[in-house]
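What's counted below: heavy atoms across the whole structure, side chains too, no hydrogens, waters or symmetry copies. FYI, the numbering just counts along the sequence from 1.
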Amino acid sequence: QVQLVESGGGSVQAGGSLRLSCATSGYTFCGYGMSWYRQAPGKEREFVSGLDSAGISTYADSVEGRFTISRDSAKKTAYLQMNSLKLEDTAMYYCKVVTCDANLQRRTYWGQGTQVTVSS
């Protein structure tokens with residue numbers, strides 16, 4: 001029912017910036033939290049940032065102070081502003097939404113990812 005589409009990835013020089021978007025479609029039956037994860041080649045998928053339905057944001061230590069998560073409720077879109085990008089930020093970035101189905105049961109949805117590549 002719920003589909004997520006990430007965009008905004010690309011190639012950028014170290015120290016540069018990118019803004020990722022996660023647009024949702026489909027009906028949600030309760031409030032939703034949105035999060036960003038990333039996975040680099042040969043590494044486990046890791047949490048980057050999250051924004052719950054109450055507006056509380058969290059960040060991984062590795063990105064805190066450089067990344068900012070936000071949400072446009074009207075557009076049902078989450079954003080990840082990434083500044084001062086480092087080589088180690090290179091990864092596939094995934095959006096995750098946790099919300100309710102028609103039976104008000106908690107469900108998790110994932111986007112297909114958008115590639116971020118940081119070069120020196």
Side-chain angles (χ1 to χ4, degrees):
Q1 181 181 16
V2 176
Q3 294 181 320
L4 311 178
V5 179
E6 301 99 332
S7 62
S11 182
V12 66
Q13 190 174 0
S17 299
L18 285 174
R19 184 175 183 245
L20 306 184
S21 298
C22 175
T24 68
S25 62
Y27 194 82
T28 58
F29 293 87
C30 66
Y32 56 94
M34 307 188 80
S35 301
W36 290 94
Y37 288 73
R38 68 187 182 187
Q39 187 169 22
K43 300 183 68 176
E44 297 286 338
R45 185 173 297 188
E46 65 175 348
F47 172 81
V48 176
S49 182
L51 184 66
D52 67 17
S53 59
I56 300 174
S57 61
T58 56
Y59 298 92
D61 290 342
S62 59
V63 307
E64 189 166 9
R66 299 187 297 118
F67 292 8
T68 303
I69 190 171
S70 62
R71 176 169 59 199
D72 185 328
S73 297
K75 296 180 178 179
K76 298 182 66 175
T77 300
Y79 304 94
L80 185 67
Q81 179 66 46
M82 305 184 295
N83 298 325
S84 302
L85 284 162
K86 303 176 180 179
L87 294 178
E88 55 262 41
D89 294 321
T90 295
M92 184 72 74
Y93 283 72
Y94 299 90
C95 181
K96 183 181 80 173
V97 168
V98 178
T99 187
C100 303
D101 61 15
N103 297 125
L104 298 183
Q105 296 190 67
R106 185 170 173 268
R107 293 285 183 266
T108 300
Y109 303 89
W110 289 90
Q112 295 187 18
T114 184
Q115 178 68 40
V116 172
T117 302
V118 183
S119 61
S120 62

Looking at [Y], is its backbone amide N or carbonyl O close enough to the side chain of [X] to form a donor-acceptor pair, meaning the two atoms are under 3.5 Å apart?
X	Y	value
Arg106	Cys100	no
Asp72	Ala74	yes
Ser49	Thr58	yes
Thr77	Lys75	yes

Do [X] and [Y] touch side chain to side chain, with heavy atoms closer than 4.5 Å?
X	Y	answer
Gln81	Ser17	yes
Thr24	Thr99	no
Ser57	Ile69	yes
Tyr109	Val98	no
Leu20	Glu6	no
Val2	Thr28	yes
Cys95	Trp36	yes
Leu85	Leu18	yes

*How far apart are the C-alpha atoms of Phe29 and Arg107, what are their side-chain angles, what is the distance that settles it, and do they pass the side chain to side chain contact (heavy atoms under 4.5 Å, CB included) test?*
CA-CA 11 Å; Phe29 293 87; Arg107 293 285 183 266; over 6 Å; no
So does [X] have more than 12 non-hydrogen atoms from other groups sitting under 6.0 Å from [atom1]?
X	atom1	answer
Gln112	CD	no
Gln3	CD	no
Glu44	CD	no

*Check Ser120 against Ala14 and note the closest heavy-atom contact, atom names and distance.*
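It is CA-CB, 4.5 Å.
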*Please name the pair of heavy atoms, one in Ala40 and one in Ala91, separated by the smallest distance, quoted to 0.1 Å.*
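Smallest interatomic distance, heavy atoms only, reads N-CB, 3.8 Å.
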Nearest 0.5 Å, please: how far is [atom2] in [Y] from [atom1] in [X]?
X	Y	atom1	atom2	result
Arg66	Lys86	CZ	NZ	4.5 Å
Phe47	Ser35	CZ	OG	5.5 Å
Ser53	Met34	OG	CE	12.0 Å
Met92	Thr117	CE	OG1	8.5 Å
Tyr37	Lys96	OH	NZ	3.0 Å
Arg19	Leu80	CZ	CG	10.0 Å

Would [X] end up clustered with [Y] when hydrophobic side chains under 4.5 Å apart are linked, directly or stepwise?
X	Y	value
Val118	Val48	yes
Tyr32	Ile56	no
Val116	Val63	yes

*How are the rings of Tyr93 and Phe67 set relative to one another: parallel (under 30°), tilted (30 to 60°) or perpendicular (over 60°)?*
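Ring orientation, 0 to 90° scale: tilted.
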*asked:* Could you tell me if Arg71 sits above the aromatic ring of Tyr79, with its cationic atom closer than 6.0 Å to the ring centre and no more than 45 degrees from the axis?
replied: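 That pair does not qualify as a cation-pi contact.
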*Got a salt bridge between Arg38 and Asp89, using NZ or NE/NH1/NH2 to carboxylate O under 4.0 Å?*
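Asp89 and Arg38: salt-bridged.
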